[in-house]
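Comments concern the structure below.
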Number of protein chains: 2
Amino acid sequence: MDAKKYLEEAQVDAILIYNGSNEDLNFYYFTRLLYGGIFEGSFAVITEDGVKVITSKLEEQSARKGKNEVFVYSSSSEREELLKKIVGNAERIGLNYDSLSLRDFHKLRDILGDREYVNVAEKIMEWRMVKDDEELNLMREAAKIASEVADSIPDFLVEGMREYELAARIAYEMFKMGAEDVAFTSIVAFGENAAEPHYLSGERKLKRGDFVLCDFGARYHHYNSDITRTFVFGRASEEQREIYYTVLEAQKLGISLVKDGAHGSEIDARVKELIDSTKYKGRMIHSTGHGLGLAVHDHVGLSTQRDLVLREGMVVTVEPGIYLPGYGGVRIEDDVLVRKEGREVLTSARKDELIEA
Amino acid sequence: MDAKKYLEEAQVDAILIYNGSNEDLNFYYFTRLLYGGIFEGSFAVITEDGVKVITSKLEEQSARKGKNEVFVYSSSSEREELLKKIVGNAERIGLNYDSLSLRDFHKLRDILGDREYVNVAEKIMEWRMVKDDEELNLMREAAKIASEVADSIPDFLVEGMREYELAARIAYEMFKMGAEDVAFTSIVAFGENAAEPHYLSGERKLKRGDFVLCDFGARYHHYNSDITRTFVFGRASEEQREIYYTVLEAQKLGISLVKDGAHGSEIDARVKELIDSTKYKGRMIHSTGHGLGLAVHDHVGLSTQRDLVLREGMVVTVEPGIYLPGYGGVRIEDDVLVRKEGREVLTSARKDELIEA
């Protein structure tokens, strides 16, 4: 989308994104400075004639790698002058209230004076929801890294290892494959801990017969993947198999419903309906999925609590689970790109058979 | 310090910390909820009679592990009611403008109405600068983890390995020792890359004769360490040795000057004076150190640009370096606790001899 269109849709004269005391992911969205540089304290200013970057001398080289006009300051007074010059006479200024700190807002207002400041956070998120080719290529790579690591997890399992050791190994393998960071603190839950959807990882040692639930992702040039696979260490019991294949069926149903025009709330409802029709009724205690992109929880996804009409270019996770407190749980998660006709599943790790590692 | 004293010093009736759309490290400072729980969307309210935590049902168990009075909500209207009740008639409300997003500020004002809102960010940082025993014990452990890993780096080096592989290995080893996270994205720079103080890590392969500069830290229950060691892979040249021992001498001088009452700016000046008296004049292109704690760059430290009078209980890094563009560089960094008499060096990795790995 070009700069004029952004301003028109947001009904403002300029959009000002400050990557200040709080990081603002929208800085990367607008500038596409995704391949190096930290840009702390840098501005992205969207005006009628394009996206402009105001940055310090330290970041000049990184900033010039992008397609934006770049303005470099070497003192804070120079920075203020540049900001005033570039914002010019714009009267209605769009800001991202979700990230901008109160301190930075006051500083901005001191520099730019009394204008009309407008919150464009939701509008920007609408734009961010639909990914373009550059973004999708990065997300495909992030998904590939996570998928390959997911496939090797069974080889890493050793009796008596601790959850956090496996979490560390997963991170290590992703870094070795070129991830710049983990997308979020990995969840590695053994045995009964797999029953807590928001468990992280701890000192629990791996025992024969345990569920091994791993929920993690890679960050690749600022874009994220998010995958969950659940294994059993040793021979699976009948109950474990039943849980696994119930979740798998629900997950496949969920994926099959993803397409342009579908309602996220309806997919969530259908997935839960399936699980509720089994003996695991009521055991799926979260929504089916969330939007994915520059943030891991990028935007609303597949949830009955707040609907989203899926559009081509959106990426959502599909991640049903069944949780039995004190016993364990299974979750299976993939990242799914909405297509005009159907969908593309970005993550590719094996899941069709319960793996007994 | 007790709640009354906080309010007195900040000259407010209540302090309101919101761990909202931006994480606020001050939430952990006041509540000391350091041992589990995420607390997204939770409040810490400091009133005359203590620190109160407002949190959701999901976090109730974690919140009750602390020493604060805990209030639990299960809906956003309940949360608003609790907030109003606890803030009560307080007229002057202290907020942390450095983290609080504009969105959250507006929400707070909608709930609490027109009161006098005051920025207490700087005041809180003054308090945070001086660590108490609980904080220091966590920082000692964070320093121990980083030091032990630093000592094993020479064993990890293999010809042809890439910088990011070593970065991944360092993280892996810290996680295995119980770190909950890396303190920051590790810097691993081989050869000529060691000449850039803010380099992260990349695809550069390790060759014989390279400098290996590693700058990293561990996060342990929210508190950080930060250490740098520089090695040579294979036999060191005379030049490499000269750079190393010049930095080492400057670093030891810097450490020896840390004590209660000393001026950070003076320590920075003295360290640079030493380096400028050698053939490496002008090659130390950053300040000598920064404050360390809940944040890695916690507060101003040893810098001529902004002075800090050191006080017992502060922790600062001492990290001089020499950088020769195109050739390489050396930095040596330790974390130093200011004592009434002298200092305690928290990090303990070997440094007295240049290690040829």
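Quick caveat: nothing in here was measured; it's all calculated off a predicted structure. Below, chain A is the first sequence line, B the second, and so on; all start at residue 1.
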Go through the atoms of Arg162(B) and report whether side chain, backbone, both or neither lie under 4.5 Å from a heavy atom of chain A.
neither
Under 4.5 Å from a heavy atom of chain A, the part of Phe105(B) involved
side chain
Nearest-0.5 Å distance that lies between atom CE in Met177(A) and atom CD in Glu165(B)
12.0 Å
Taking atom [atom1] as the centre, does [X] end up with more than 12 heavy-atom neighbours from other residues, nucleotides or ligands that are less than 6.0 angstrom away?
X	atom1	value
Glu23(A)	CD	yes
Arg306(A)	CZ	no
Glu159(A)	CD	yes

For Tyr164(B) and Phe175(A), work out which heavy atoms get closest and say how close.
CD1-O, 3.4 Å
Could you tell me which residues in residues 96-103 of chain A have at least one non-hydrogen atom under 4.5 Å from a non-hydrogen atom of chain B, sorted by residue number?
Tyr97(A), Asp98(A), Ser99(A), Leu100(A), Ser101(A), Leu102(A), Arg103(A)
